Amino acid sequence: IPVIILLAVIAAVFLSRSIHIIDAGEVGVKLRLGKIDKEELYPGIHIILPAIEEVIIFSTRVEKIDMTNRNRNPITALSIEGLPVRLDVTVLYRIIPQKADEICKNYGVNFAEKVIIPIVRETVRNVIARYKIEDLYSTKRAELQKTIYDELKKRLLTAHIQVVDL
């Protein structure tokens with residue numbers, strides 16, 4: 001009888017570790033013996049093989065990155081005249097769920113620090129360098145924001161990240 005109880009406990013533990021739930025607003029990437037599976041796991045219940053497979057969860061919700069004075073992380077750029085400008089930039093983004101395996105393979109779970117922040121900084125600096133300092137603070141502010149948004153959207157899309165707003 002103790003053997004039956006032991007087997008029942010082992011089976012219960014195995015079964016509980018085999019079931020993985022992906023919540024709404026998430027996508028899972030399955031690793032099988034360290035190799036990334038091409039099929040993403042969408043919200044619902046999924047069966048995995050414990051010790052052989054693991055699931056990495058990515059949010060598909062809109063996320064925010066603040067590069068602001070408040071966070072001690074503003075962007076400093078030079079205008080066309082070479083004058084320094086400090087900018088507060090907030091980016092709203094989300095990953096493209098169907099490409100979560102590519103994001104995992106190329107950048108890992110810390111993709112925001114590895115990809116989004118450097119691309120945002122570089123894009124903002126490149127765009128600011130095309131404008132006069134007076135234009136940044138007056139007449140061309142909306143144009144500047146649209147230019148940064150359009151360039152960011154195009155560049156981050158190649159990394160499978162969708163820019164929602166800037």
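Source: prediction; values computed, not measured.
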Worksheet item: If only atom types and distance count, is the side chain of K30 paired as donor or acceptor with the main-chain N or O of D37 below 3.5 Å?
Response: no
Discussion item. Can you confirm whether R94 sits close enough to V62 that some side-chain heavy atom of one is under 4.5 Å from a side-chain heavy atom of the other?
Written reply: yes
Worksheet entry | Derivation and outcome, side chain to side chain contact (heavy atoms under 4.5 Å, CB included), residues D135 and L144 | CA-CA 9 Å; D135 293 337; L144 170 72; over 6 Å; no
Worksheet item: Which distance, rounded to the nearest 0.5 Å, do you find between the CD1 of I19 and the NE2 of H46?
Response: 12.0 Å
Discussion item. Any non-hydrogen side-chain atom of Y93 less than 4.5 Å from a side-chain atom of L156?
Written reply: no
Fill in: Working for side chain to side chain contact (heavy atoms under 4.5 Å, CB included), residues V120 and I75
CA-CA 9 Å; V120 169; I75 298 175; 4.0 Å; yes
Worksheet item: For atom CD1 of I45, is the number of surrounding heavy atoms from other residues, nucleotides or ligands below 6.0 Å larger than 12?
Response: no
Item to complete: Kindly indicate whether the side chain of H20, heavy atoms from C-beta on, has any atom under 4.5 Å from the side chain of E53.
Response: no
Worksheet item: Is there a path from I128 to I80 through hydrophobic residues (I, L, V, M, F, W, Y) whose side chains come within less than 4.5 Å of each other?
Response: no
Fill in: Side chain proximity check, R130 to T147, heavy atoms < 4.5 angstrom
yes
Item to complete: Would you indicate whether the side-chain heavy atoms of Q98 and Y42 approach each other to under 4.5 Å?
Response: yes
Fill in: Closest approach of G108 to F58 (non-hydrogen atoms, all atoms of both residues)
O-CE2, 3.9 Å
Item to complete: Please lay out, stage by stage, how I52 and R32 fare under the test side chain to side chain contact (heavy atoms under 4.5 Å, CB included).
Response: CA-CA 6 Å; I52 295 175; R32 181 175 291 130; 4.1 Å; yes
Worksheet item: At what distance, to the nearest 0.5 angstrom, does NZ of K38 lie from CD of E102?
Response: 5.0 Å
Worksheet item: For L41, what are the other residues in its hydrophobic cluster, where any two members join if their side-chain heavy atoms are less than 4.5 angstrom apart?
Response: I22, I48, V55, I57
Worksheet entry | Minimum side-chain heavy-atom gap V91-I117 below 4.5 Å | no
Discussion item. Please report the interatomic distance NZ(K153) to OG1(T123), rounded to the nearest 0.5 Å.
Written reply: 14.5 Å
Discussion item. Tell me whether S18 contacts the main-chain N or O of L49 through its side chain, where contact means a donor paired with an acceptor under 3.5 Å.
Written reply: no
Worksheet item: Can you tell me how far the CD1 atom of I96 sits from the CG atom of L157, to the nearest 0.5 Å?
Response: 5.0 Å
Fill in: CD1-CD distance between I95 and E26, expressed to the nearest 0.5 angstrom
10.5 Å
Practice prompt. Compare every heavy atom of L166 with every heavy atom of Y149, then report the nearest pair and how far apart it is.
Written response: N-CD2, 3.6 Å
Item to complete: Taking the side chain as every heavy atom from C-beta outward, state whether K132 and E81 have any atom pair closer than 4.5 Å.
Response: yes
Worksheet item: Do any N or O atoms from the side chain of R61 and from the backbone of A24 form a donor-acceptor pair under 3.5 angstrom?
Response: yes
Worksheet item: Would V109 end up clustered with I36 when hydrophobic side chains under 4.5 Å apart are linked, directly or stepwise?
Response: yes
Worksheet item: Rounded to the nearest 0.5 Å, what separation is found between the CD atom of Q145 and the CG atom of D165?
Response: 7.0 Å
Response to the item:
Shortest non-hydrogen pair, K64 vs D66, comes out as CE-OD2, 3.5 Å
Worksheet item: Are I119 and V164 connected, step by step, through hydrophobic side chains (Ile, Leu, Val, Met, Phe, Trp, Tyr) whose heavy atoms are closer than 4.5 Å?
Response: no
Fill in: P97 versus V27, closest heavy-atom pair with distance
O-CG2, 4.0 Å
Discussion item. Please determine whether salt bridge (charged side-chain N to carboxylate O under 4.0 Å, His left out) holds for the pair D150 and K146, giving the CA-CA distance in whole Å, both sets of side-chain angles, and the decisive distance to 0.1 Å.
Written reply: CA-CA 6 Å; D150 291 342; K146 183 178 178 351; 2.7 Å; yes
